Asks: 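I have a structure I would like to understand better, so I am pasting it below and will then ask my questions one at a time.
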Amino acid sequence: MPIRFYNSLSRSIEEFNPIRPGRVGMYTCGPTVYNYAHIGNYRAYMFEDLLRRTLKFCGFEVRQVMNLTDVDDKTIRGSREAGLPLDEYTRKYKDAFFEDIGVLRIEPAEVYPEATRHIDEMIGLVEALLTAGVAYRADDGSVYFSISRFPRYGQLARIALDPERQVARVRHDEYAKESIADFALWKAWDEADGDVAWESPWGRGRPGWHIECSAMSMRYLGKSFDIHTGGVDNLFPHHEDEIAQSEAATGRKFVNYWLHCAHLMVDGRKMSKSLGNFYTLRDVLDRGFSGREVRWELLRTHYRQTLNFTFQGLRDARVSLNRLDEFVTRLKEAAVEPNAGRDAVEERCRNAAAAFLAGLEDDLNISAALAALFDLVRDVNRMIDAGECRGNAAETVLGRLRDMDRVLGVLDVDRSETVPGEIQALVDERQAARKARDYARADAIRDELTAKGWTIEDTPKGPRVKRA
RNA sequence: GGCGCGGUAGCCAAGUGGUAAGGCAGAGGUCUGCAAAACCUUUAUCACCGGUUCGAAUCCGGUCCGCGCCUCCA
């Protein structure tokens, strides 16, 4: 089965066919580094991680580019308030960003271009647009894109601009744009910019936001590429403007597939900086949750579905993950036993793998993929109990889990936990007490282990300890 | 107002024509010194109204409710 995605451009599910067979170029709108990203932002990056992992899982070679917006109103304002040079100010948040995606186990993109290091490319693009006659220089020294000279404007957002409204607004427009919907390609320096400015053919200034993504995506992926993603809030005007600029400059189709993910909600409202209802990853970690748990929570809902963030959801995630961990542990224990049940187990694994893949190929239907995983867990657990999954059969399942985890990134199949000697000694002591039927002593030791953060489970093959 | 998304069990969430996946929680059971874990069983007619159809959560029309974008925003 070919992989299919919902393309915002056509508003329908389409079969995915890359420009170059077997290779995918994708551009993902990244963070504006003026502050710590919140987990709503990370939902988008998680979705992109799932997308790139799924593409790789399906055999594609992926080249992902994620920009770092390090010059805009907010970064400039922030750096001035902090009394720091722009670079120094944004460095802190760039570092934090990379630290966070590591915690969330998000696979790094191939390229992370920074806007401030691609000013030349942006200037070149603006010049091309002026030459093409779709941009104009305003009295204040800024350069604007004229949407009236790009008939296809609105193709992505499907908006029809109201001419009357435009006229009414233009009179009050302090920037003397020809039309209110025209957007800045190059912003002339003003006082609020401080010392942040670059020389250009139109004087000192800085690039507009949209031009950044056009210039950098084309630099690293070519004039036309396969996939462009972002949150739905970027659909208009950001992505619409990118299309206009890029296609007006090159005369070619900019992007074939536009994928947008829905928002993360808190108490029924979009999580956002301006509403103040956000949690950074650090906030959530400080409450005792792990990056892995946050990853699971952000991953388990389909990307085009709004996801309501709750701490209860995180607690649910923890339990689900525990069950998966337990499953891995049982498999490892079963794997050292004499072989049994290989054929039946292999067939079960094949079915699970097929269902898992089918879900992902269907516009990243993660719910279907996870259902396939949990069905496998249930069935194999049953087989283990019945002694029908041992030795190489158990290894087969572990191999399948490792394979699925290339996409999920949460299973930790090969994680091995070392039990400190002190803890092991307590476990042994408790076991001796149990043998002697001194249950009061055994339970006291179990309480002590619990207090130290370890959980003990008695199995037919002896006690098992793990971190709580 | 324009454009768009969504309303499925206590909570989360798949399913776009043939009588409702999965996760969490709950209940009962097996196992266990007890517990934990695991396993088994069990819990819904899909916001509402009308229509199409042999048959609809799924298609069409309407209503109500929630949310997003239209300005910086993942």
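Source: prediction; values computed, not measured. Chain naming here is simple, since letters A, B, ... match the order of the sequence lines and numbering starts at 1 in each.
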Asks: Please classify the nucleic acid contact of A:Y42 as base, sugar-phosphate, or nothing, using heavy-atom distances under 4.0 Å.
Replies: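 Counting heavy atoms under 4.0 Å across all strands, no contact is made by A:Y42.
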Asks: To the nearest angstrom, how far is A:L321 atom CG from B:rG23 atom C1'?
Replies: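 Rounded to whole Å, this separation is 11 Å.
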Asks: Which base, if any, makes a Watson-Crick or G-U wobble pair with B:rC24, both distances under 3.5 Å?
Replies: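 Per the H-bond distance test, B:rG10.
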Asks: At 4.0 Å (heavy atoms only), tell me whether A:G359 reaches a base, stays on the sugar-phosphate, or touches nothing.
Replies: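 Result for A:G359 = nothing.
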Asks: Not counting sequence neighbours, which residues clear ring pair (Phe, Tyr, Trp, His ring centres under 6.0 Å) with A:F98? List them please.
Replies: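 Applying ring pair (Phe, Tyr, Trp, His ring centres under 6.0 Å) to A:F98 gives A:Y112.
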Asks: How many whole angstroms separate atom CZ of A:F236 from atom P of B:rU71?
Replies: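 Nearest whole value for this atom pair: 6 Å.
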Asks: Inspect the contact between A:R105 and A:D49 and indicate whether a charged nitrogen and a carboxylate oxygen are less than 4.0 angstrom apart.
Replies: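 No, A:D49 and A:R105 are not salt-bridged.
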Asks: When you check the gap from the basic side-chain N to the acidic O, do A:E107 and A:R52 get nearer than 4.0 Å?
Replies: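 Yes, this pair counts.
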Asks: Tell me whether the guanidinium CZ or amine NZ of A:R63 lies under 6.0 angstrom from the six-membered ring centre of A:Y220 and within 45° of its axis.
Replies: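 Relative to the ring axis of A:Y220, which defines the angle, A:R63 lies outside at least one limit.
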Asks: In whole angstroms, how far is the C1' atom of B:rG68 from the NE2 atom of A:H263?
Replies: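 Whole-Å distance recorded here is 7 Å.
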Asks: Closest approach to the side chain of A:A371, judged atom by atom: which nucleotide of B:rG68, B:rA21, B:rC70 is it?
Replies: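 Comparing B:rG68, B:rA21, B:rC70 against the side chain of A:A371, the answer is B:rA21.
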Asks: State yes or no: are the ring centers of A:F97 and A:Y45 separated by less than 6.0 Å?
Replies: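 Yes: the rings meet the under 6.0 Å criterion.
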Asks: Given the C1' atoms of B:rC59 and B:rU52, what is the spacing between them in whole Å?
Replies: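 It comes out at 8 Å once rounded to the nearest Å.
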Asks: Are A:D458 and A:R430 within salt-bridge range, i.e. N to O under 4.0 Å?
Replies: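 Result for this pair is yes, salt bridge flagged.
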Asks: Suppose you measure atom C1' in B:rU30 against the same atom in B:rG66; what distance do you get, rounded to whole Å?
Replies: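 Result for the C1' pair: 45 Å, nearest Å.
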Asks: Base, sugar-phosphate or nothing for A:G40? Non-hydrogen atoms, less than 4.0 Å.
Replies: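 Base contact.
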Asks: Grab the CG-C1' distance between A:D267 and B:rC67 for me, whole Å please.
Replies: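 Rounded to the whole Å, the gap is 13 Å.
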Asks: Could you tell me whether A:M271 contacts a base, only the sugar-phosphate backbone, or nothing, with contacts defined as non-hydrogen atoms closer than 4.0 Å?
Replies: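 Base: the residue A:M271, judged by heavy atoms under 4.0 Å, touches a nucleobase.
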Asks: So that I can tick it off, tell me whether A:D385 and A:R382 are bridged by a salt bridge, with the cut-off set at under 4.0 angstrom between side-chain N and carboxylate O.
Replies: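 Not counted as a salt bridge, because no side-chain N and carboxylate O are separated by less than 4.0 Å.
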Asks: In whole angstroms, how far is the C1' atom of B:rC67 from the CG atom of A:D233?
Replies: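 The distance from CG of A:D233 to C1' of B:rC67 comes to 13 Å, rounded to the nearest Å.
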Asks: Just call it for A:K273: base, sugar-phosphate, or nothing, with non-hydrogen atoms closer than 4.0 Å on any strand.
Replies: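 If one applies the 4.0 Å heavy-atom cut-off, A:K273 turns out to touch nothing in the nucleic acid.
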Asks: In Watson-Crick or G-U wobble terms, both distances under 3.5 Å, what is the partner of B:rC59?
Replies: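 Across any shown strand, B:rC59 pairs with B:rG51.
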Asks: Between A:E15 and A:R4 (salt bridge meaning N to carboxylate O under 4.0 Å), is one present in this structure?
Replies: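 Judged by the 4.0 Å cut-off on N to carboxylate O distance, A:E15 and A:R4 do not form a salt bridge.
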Asks: Between A:K466 and A:E326 (salt bridge meaning N to carboxylate O under 4.0 Å), is one present in this structure?
Replies: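 Yes, A:K466 and A:E326 are salt-bridged.
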Asks: Quick one: pull up CG in A:L411 and CG in A:D325 and give me the separation to the nearest 0.5 Å.
Replies: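 A:L411 atom CG to A:D325 atom CG measures 8.0 Å (nearest 0.5 Å).
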Asks: What does A:L264 touch in the nucleic acid at a heavy-atom separation under 4.0 angstrom: a base, only the sugar-phosphate, or nothing?
Replies: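 Base contact.
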Asks: Starting at the 5' end of nucleotides 33-48 of chain B, put B wherever the base has a protein heavy atom under 4.0 Å, S where only the sugar-phosphate does, and a dash everywhere else.
Replies: BBBBSSSS--------
Asks: B:rG1 pairs with which nucleotide, Watson-Crick or G-U wobble, both distances below 3.5 Å?
Replies: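 Looking at the geometry, B:rG1 pairs with B:rC70.
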Asks: Going 5' to 3' along nucleotides 3-16 of chain B, which nucleotides have protein heavy atoms under 4.0 Å from the base (write B), which only from the sugar-phosphate (write S), and which from neither (write -)?
Replies: SS-S-----BSSS-
